[in-house]
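For reference, the structure discussed in these notes is given below.
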Amino acid sequence: MPATSPNLHAPIDAWGFQDWEFVATLLLTSTFAWRINIGKQQGFPASSDATSPEIKKIYKSKKMQMQEVLKNLARHENFRQSLQELLSTPPITYNENEWQVCDALLHLLPLLTAHLQLIFRTQNLTDYTEIAIAAERSLGTNAIPSELALNLDYQIQHILIDEFQDTSIAQLRLIERITAGWEPGDGRTLFVVGDPMQSIYRFREADVGIFLRAQSEGIGNIKLQPLTLTTNFRSTQELTNWVNNNFSKVLPKEADILYQAVPFSPATAEHTNSQATIQIKLFANADTLDEALQTADLVSKLKTNFPNDTIAILVRSRTHLEAIIPALNNSKIAFQGVELEALRTNLLIEDLFSLTRAFYNPEDRIAWLAILRAPWCGLTLTDLYAIANGPYATIQENIEKFSELKLTSEGTERLAKFQIILKDAWQKRGKIYLRDLIEQTWINLNGPGFIATTSDLENAKTFFALLEKEPIPLEMLEKTLDDLYATTYSQAKLQIMTIHKAKGLEFDHVIIPGIHRTSRADEKKLLLWLERPRLHAGSDLILAPIGNKHSETNSIYNYLRLVERKKTSYENGRLLYVAATRAKKTLHILGALAINDNDKEPYSIPKNSLLEQLENCFDPEWIVPTKTIKN
């Protein structure tokens, strides 16, 4: 107990920061959990320290009263979180190290921005951030609007904004600039549509706090009239009721603009007669393969029982499909994947990219060996070894003099045909467009004959279209291929995609596997910032540079990391909500659970997982013994 404590006898509404800080330190441990045991350090000496029976009785009575208080407080999680936030509140000034880093960054970042803009101009490129900044800049300011802003003010009468829950602060400023001259009753209208419970795009700078503020305060000078839609036209009544009962425990009770907390809003089902199935299975001590096999088995049963229905497997991350897709392939279950495979990793595209690299550089040994291994030539490793270790400096020269090499009879026959086509193509190098050169060579090598699906044909067309943008550096071509996704065309009723891609869609049956899987660890960044909308107008900005190993505790940086973690947790709840509400008839949630030999903690729920969001409504009946999977 501190030697001097704040005046807690004053009315509670008159308490200052120091008073509440004292209370928070008294009630919470160093890990921000409610205290269970109290002692002399908290101001409650042991009975044995009493100097008389009367004092001993007082010590014991006060300690029992305090323990009863702590017992009752354990039910008030929101209050505990508020006390934790209070203790995590950073100071109002930077320390010397933080000032030095901030000063360096404020000098460096404008130079980097100028250099980036120079690259944009010289390469005729841009990005979404630069477009947004340019759009805002073109409108001037609210005090001094540009000529464009004045023209738009005259021309624009009505604005409709969809998916408003995913608006960023930069986009909000743009809307405020466009509507700055609007007055009540002038005949102009602003109509915004959105569902804050489906705000899941924070990685794109979406801030659902903007939606929450607009509901109560409007946008700029414009007051909005909120209308809440509560009818669910998609899901059955049983499924809707399950969502209402469980997500009222998953999503927060109250809205919070700072932490982007969105409370749950229940719905009423339009379809009241249909039946539904909701299953949650957590396989005890299972591995990834066990869960993947169960997922494939579930899909097979759904296809048998509902042959005309649509099925979706929704995952938090594409990496969660590493075992599921092979399990589906082994079970011969056809599916359509939506943006799952990078175009660069597609086998056909890898071969075409290797062919392009070979024509760029005759000394690229890996590329030349790759096109010899590709299906259109198909040399064995023995023949490849002989060519790679031939007497000439490059693979191309060894191909031209293949008769001097010790190849197998089949390799000699294959290379004889390949060499003729390649020699003819090489002579056209630099005389025709690169796209025509690569495409004609591929056709002459009978590349289309090795395509098994129409989707691969579309992927090849995408690749050739990229080659039309001459001259294109190989590094840029490779980066573009990494950013694009392979096409998968299929008439299959089963679709596989991430939860983000499923937003706005609906399926008869939804499977959410890997609910125990965690997201990427919270990385320490050079600079953290928090721009939050104020309650009435404008926004506040907090910057926090990373500290060095020898600096004092970086409380501002740690505070922003705490805010970020809370935002992520709330968004995880909304992500699970989006996935669950894609289902029309049945919902199946699958995952693994580590079982402990501990009566107090019989199982471990991974932090930062979607399963953690269901902790408040956890049912031990969800746990399935591992032996059920093995059989």
Side-chain angles (χ1 to χ4, degrees), residues 292 296 299 303 310-313 315 318-360 364 366-380 384 414 417-418 421-422 425 432-470 472 474 476-498 501:
V299 171
K303 287 172 64 66
T310 57
I311 307 170
I313 296 177
V315 292
R318 296 180 184 90
T319 58
H320 298 175
L321 294 166
E322 292 171 346
I324 292 175
I325 289 180
L328 294 172
N329 290 332
N330 291 337
S331 299
K332 294 181 170 52
I333 298 175
F335 63 87
Q336 177 182 356
V338 180
E339 294 191 3
L340 298 180
E341 177 188 24
L343 196 59
R344 175 72 176 83
T345 61
N346 181 270
L347 292 178
L348 169 62
I349 300 304
E350 282 189 351
D351 292 336
L352 287 172
F353 185 56
S354 296
L355 184 62
T356 306
R357 286 172 50 193
F359 275 85
Y360 262 83
D364 190 336
I366 294 177
W368 281 90
L369 290 172
I371 64 175
L372 292 174
R373 182 65 172 167
W376 54 60
C377 186
L379 293 188
T380 63
L384 287 179
R414 287 174 178 266
K417 297 177 182 178
F418 178 82
I421 297 172
L422 203 66
I432 63 175
Y433 289 116
L434 178 63
R435 182 226 165 101
D436 296 335
L437 176 64
I438 300 300
E439 187 173 11
Q440 288 176 13
T441 304
W442 178 65
I443 293 173
N444 292 336
L445 290 169
N446 193 32
F450 297 97
I451 290 181
T453 64
T454 55
S455 58
D456 268 347
L457 182 60
E458 293 298 322
N459 292 330
K461 290 179 180 179
T462 301
F463 180 83
F464 295 136
L466 294 175
L467 297 183
E468 288 183 348
K469 302 176 182 178
E470 295 189 79
I472 179 170
L474 279 177
M476 186 179 296
L477 176 60
E478 186 172 13
K479 176 65 168 60
T480 304
L481 292 174
D482 284 332
D483 292 340
L484 294 176
Y485 292 96
T487 302
T488 55
Y489 287 120
S490 172
Q491 299 301 318
K493 294 290 186 179
L494 172 64
Q495 295 193 53
I496 306 176
M497 64 189 74
T498 63
K501 281 296 172 185

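Because only heavy atoms are used, hydrogens play no part in the values below, and waters and symmetry mates are left out as well, while side chains stay in.
A pairwise comparison of heavy atoms in Ala296 and Ser331 identifies CB-OG, 4.0 Å as the closest pair. Ala460 and Trp442 get closest at one heavy-atom pair: CB-CH2, 4.1 Å. When all heavy atoms are compared, the tightest approach of Leu445 to Trp376 is O-CB, 3.3 Å. Here the closest heavy-atom approach between residue Ala367 and residue Ala358 is recorded as CB-N, 3.9 Å. Nearest heavy atoms, Leu372 versus Cys377: O-CB, 3.4 Å.
To the nearest 0.5 Å, atoms CD1 (Ile325) and CG (Asn330) are separated by 12.0 Å. Within the model, atoms CD1 of Ile371 and CD1 of Ile366 stand 13.0 Å from one another, a figure rounded to the nearest 0.5 Å. To the nearest 0.5 Å, atom CZ of residue Phe464 and atom CD of residue Glu439 are 5.0 Å apart. The line from CG of Leu481 to OG1 of Thr345 is 10.0 Å long, rounded to the nearest 0.5 Å. Between Leu355 atom CG and Leu437 atom CG the span is 8.0 Å, to the nearest 0.5 Å. Atom CD1 of Ile421 sits about 11.5 Å away from atom CD1 of Ile443, to the nearest 0.5 Å.
Using a distance-only test at 3.5 Å, with no hydrogens or angles considered, a donor-acceptor pair links the side chain of Asn444 to the main chain of Gln440. Remark: side-chain polar atoms of Arg357 are not paired, donor with acceptor, to backbone N or O of Leu352 under 3.5 angstrom.
Considering only heavy atoms from C-beta on, Glu478 comes within 4.5 Å of Phe353 through its side chain. Within the 4.5 Å cutoff, side-chain heavy atoms of Arg373 are placed close to those of Leu384. Counting heavy atoms from C-beta on, the side chains of Asp456 and Phe450 never come closer than 4.5 Å. Two residues are said to be in side-chain contact when any heavy atoms from C-beta on lie closer than 4.5 Å; Gln336 and Leu494 fail this criterion. Trp368 has its side chain out of reach of Ser354: every pair of non-hydrogen atoms, C-beta onward, lies at least 4.5 Å apart. Using a 4.5 Å heavy-atom threshold, the side chains of Tyr360 and Leu434 count as touching. Contact check for Glu339 versus Arg318: side-chain heavy atoms found under the 4.5 Å cut-off. Considering only heavy atoms from C-beta on, Leu379 comes within 4.5 Å of Arg414 through its side chain.
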Legend entry - Criterion side-chain contact (heavy atoms from CB on, under 4.5 Å) on Leu348 and Leu457, from CA distance to verdict: CA-CA 9 Å; Leu348 169 62; Leu457 182 60; over 6 Å; no
Inset, instruction - Report the C-alpha separation of Asn346 and Glu350 in whole Å, then their side-chain angles, then the decisive distance to 0.1 Å, and conclude whether the side-chain contact (heavy atoms from CB on, under 4.5 Å) test is met. - result: CA-CA 6 Å; Asn346 181 270; Glu350 282 189 351; over 6 Å; no
Inset, instruction - For the pair Leu467 and Tyr433, evaluate side-chain contact (heavy atoms from CB on, under 4.5 Å) and give the outcome as yes or no after the intermediate values. - result: CA-CA 9 Å; Leu467 297 183; Tyr433 289 116; over 6 Å; no
Legend entry - From CA spacing to verdict: side-chain contact (heavy atoms from CB on, under 4.5 Å), Ile496, Leu328: CA-CA 11 Å; Ile496 306 176; Leu328 294 172; 3.5 Å; yes
